[in-house]
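Reckoned from all heavy atoms, side chains included, excluding hydrogens, waters and symmetry mates. Naming: A, B, ... by sequence-line order, numbering from 1 per chain. All of these numbers come straight from a predicted model, not from anything done at the bench.
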There are 2 protein chains.
Amino acid sequence: MSDSSPQPLSLHQRILNDIQQLILTGTWQPGHKIPVEHELMKQYNCSRMTVSKVLTQLAHARMIERRRKSGSFVSRPHSQSAVLTIPDIKTEVAALGVPYSFEVLHKARRKATAEEREMLGFERAVPVLEIECRHLAGERPFCFEQRLINLDAVPEAAKETFEETAPGAWLLQRVPWTLAEHRIRATGAEARSAKLLGIDRGAAVLTIERTTRSAQSTAITFVRLIYPGDQHELVATFSPERVGRPAQ
Amino acid sequence: MSDSSPQPLSLHQRILNDIQQLILTGTWQPGHKIPVEHELMKQYNCSRMTVSKVLTQLAHARMIERRRKSGSFVSRPHSQSAVLTIPDIKTEVAALGVPYSFEVLHKARRKATAEEREMLGFERAVPVLEIECRHLAGERPFCFEQRLINLDAVPEAAKETFEETAPGAWLLQRVPWTLAEHRIRATGAEARSAKLLGIDRGAAVLTIERTTRSAQSTAITFVRLIYPGDQHELVATFSPERVGRPAQ
DNA sequence: AAGTGGTCTAGACCACTTG
DNA sequence: AAGTGGTCTAGACCACTTG
């Protein structure tokens, strides 16, 4: 529970910590009425803005529910949810303490198929760049990447060799601040994936598919990342304690 | 981009939306200097508290970085990350529009093994309740659940039959506000899972393991959820647009 | 009618950091 | 020394909701 940072906590941080502690330890059960703002003002000898800031943050984090005229109440915890961060591949490999490398296996320019048009929401058969890559952790195949890039959205990609920078990282530099939808599932490796990952055909692989869109909701890229199932693990931590902590 | 809610946006919401829009569309690229607070005050004819609130929120969401004396700047986007919500099983099945049911296959009280003690951080061989359940979507096996409950932390579990409520939901009612760590991977189904899920041995299954701890960091429960790989999909959306929206 | 939260103002003092 | 952000105050007006 102690904080390694030397600086004293601000007043609203202290109030936030106090209330969170009471909720997380179960001292204040779901449904418990939080003292009204005026009581908290007296208790902490502070202004209303300060307690309001705290309660607003807790409400955003869904730990409390606020109702006019009635007051604020500890929420019923929403079901077992997780906040999962999927890091980029280079970061994942680096975390293993193994040298990272990648190779481009295939690169071709073509028109989007009908299926792709539907999946990515293209109005017409836009030109796309199809790329296949293999990412390696040391000598070992780490991930097989199949990617489609919308060349209408990112025409520079057509001339890029992707020798220096893998397509994912390259795109992130050029088209920042996209929205993404992920789909994660387990499948049996088909022939090509199995061969490239050095595993048996039909062996379990973890498949992550991501469609990335710009703020205007144009599909920028679709990528399928295929990981050998027994070597890869997504880890997610759900901790309500993070609420309102400054992002660093 | 339009909002279906009829009420007009508050001033700070409008400012937040404006700045986010500029960042998400790439009009303000990473590194771009945000107008200083006094400029924004003039621009929106508002007080410093109001603009400060907006910039603080954006900084918490890591869309901007604030530096004293220098100003605030659009962040370099962090790598392709996702916010993933894993719903509870009943909710998942309900979303399919199929009747949900579950059955308890096995229930036994015993002492934690050395391996379990290490995994869950028990100091000694605490008494645990071992439970196996099968969750069904209609007639079809949906998920096989293997669970361990720490009876030192939740002694009432020993007497519970889990006929009405599945163990996960039952625990959530009794021990709210836990912290959880998830591990997600693809594996080949071993004999028992395969049989219970009605799939071939070795077929790909999606395995989610979760260790749940109380605020005092005592392990409450460990659960392994095994889903037929081809029938289950985790979906995660990462959208910076959600920043600061009231939680509803 | 009254309690409670939602939002905003105008100002203050300070800390940090660059030059 | 000066610019910028970090935090806080005291007060205001209003909206919503319960009784």
request  = Go through the structure and list residues passing side chain to side chain donor-acceptor pair (under 3.5 Å) with B:Ser70, not counting sequence neighbours.
outcome  = none
Close side-chain approach of B:Tyr100 to B:Leu136, heavy-atom, < 4.5 Å = no
List every contact pair, protein side and nucleotides 12-14 of chain D side both N or O, where the distance is under 3.5 Å.
residue	atom	partner	partner atom	Å
D:dA12	N6	A:Arg48	NH1	3.0

query = Atom NE2 of B:His60 to atom C1' of D:dT7: distance rounded to whole Å?
reply = 12 Å
Rounded distance in Å - CD1 (A:Ile64) to P (C:dT4) = 15 Å
Selection: residues 32-47 of chain B, any non-hydrogen atom under 4.0 Å of DNA chain D = B:Val36, B:Glu37
inquiry  = Pairing donors with acceptors under 3.5 angstrom, does anything connect the side chains of A:Arg66 and A:Ser72?
reply    = yes
request  = Would you please confirm or rule out a distance under 4.0 Å between OP1 or OP2 of D:dT9 and any side-chain N or O of A:Thr50?
outcome  = yes
key: Residues in side chain to side chain donor-acceptor pair (under 3.5 Å) contact with A:Gln43, at least two apart in sequence or another chain   = none
task = For residues 152-166 of chain B, pull every pair meeting side chain to side chain donor-acceptor pair (under 3.5 Å), keeping only residues two or more places apart or in separate chains.
result = B:Arg124-B:Asp152, B:Glu160-B:Trp170
ask   = To the nearest angstrom, how far is B:Met49 atom CE from D:dT9 atom C1'?
value = 10 Å
ask   = When the distance from CG of A:Leu11 to P of C:dA15 is rounded to whole Å, what number comes out?
value = 16 Å
task = Take the protein atom CG of B:Leu16 and the nucleotide atom P of C:dG6, then report the distance between them rounded to whole Å.
result = 17 Å
query = Stems in DNA chain D: runs of 3 or more consecutive Watson-Crick or G-U pairs, distances under 3.5 Å?
reply = C:1-18 with D:1-18
query = Atom CZ of A:Phe73 and atom P of C:dG5: how far apart are they, to the nearest Å?
reply = 9 Å
ask   = So which nucleotide from C:dA2, D:dG5, D:dC8 ends up closest to the side chain of B:Arg66?
value = D:dG5
query = So which nucleotide from D:dA2, D:dT7, C:dT7 ends up closest to the side chain of A:His12?
reply = D:dT7
query = Hey, is NZ on A:Lys33 packed in by over 12 heavy atoms from elsewhere, all under 6.0 Å?
reply = yes
ask   = Within the structure shown, what part of the strands sits under 4.0 Å from B:Leu55 by heavy-atom distance: base, sugar-phosphate, or nothing?
value = nothing
inquiry  = In this structure, how many angstroms lie between the C1' atom of D:dC8 and the CD atom of A:Gln13, rounded?
reply    = 14 Å
ask   = Which residues satisfy the side chain to side chain donor-acceptor pair (under 3.5 Å) test with B:Glu39, sequence neighbours excluded?
value = none
task = Not counting sequence neighbours, list each pair that qualifies as a salt bridge (Lys or Arg N to Asp or Glu O under 4.0 Å) and has a residue in residues 46-58 of chain A.
result = A:Glu37-A:Arg48
task = Provide the full list of salt bridge (Lys or Arg N to Asp or Glu O under 4.0 Å) pairs with a residue in residues 211-222 of chain B, sequence neighbours left out, each pair given once.
result = none
task = Have a look at B:Ser52 and say if it touches a base, only the backbone sugar-phosphate, or nothing, with a 4.0 Å heavy-atom cut-off.
result = base
request  = For residues 33-55 of chain B, pull every pair meeting ring pair (Phe, Tyr, Trp, His ring centres under 6.0 Å), keeping only residues two or more places apart or in separate chains.
outcome  = none
message = Suppose we screen for salt bridge (charged side-chain N to carboxylate O under 4.0 Å, His left out). Which residues come up paired with B:Arg183, at least two apart in sequence or across chains?
response = B:Glu181, B:Glu209
Gap between atoms NZ and C1', on B:Lys53 and D:dG6 respectively (whole Å) = 16 Å
message = Would the base of C:dT4 count as contacting A:Lys69 through its side chain, where contact means a donor and an acceptor less than 3.5 Å apart?
response = no
inquiry  = Please enumerate all residues that pass ring-ring contact (aromatic ring centres under 6.0 Å, His included) together with A:His232, with sequence neighbours excluded.
reply    = A:Phe142, A:Tyr227
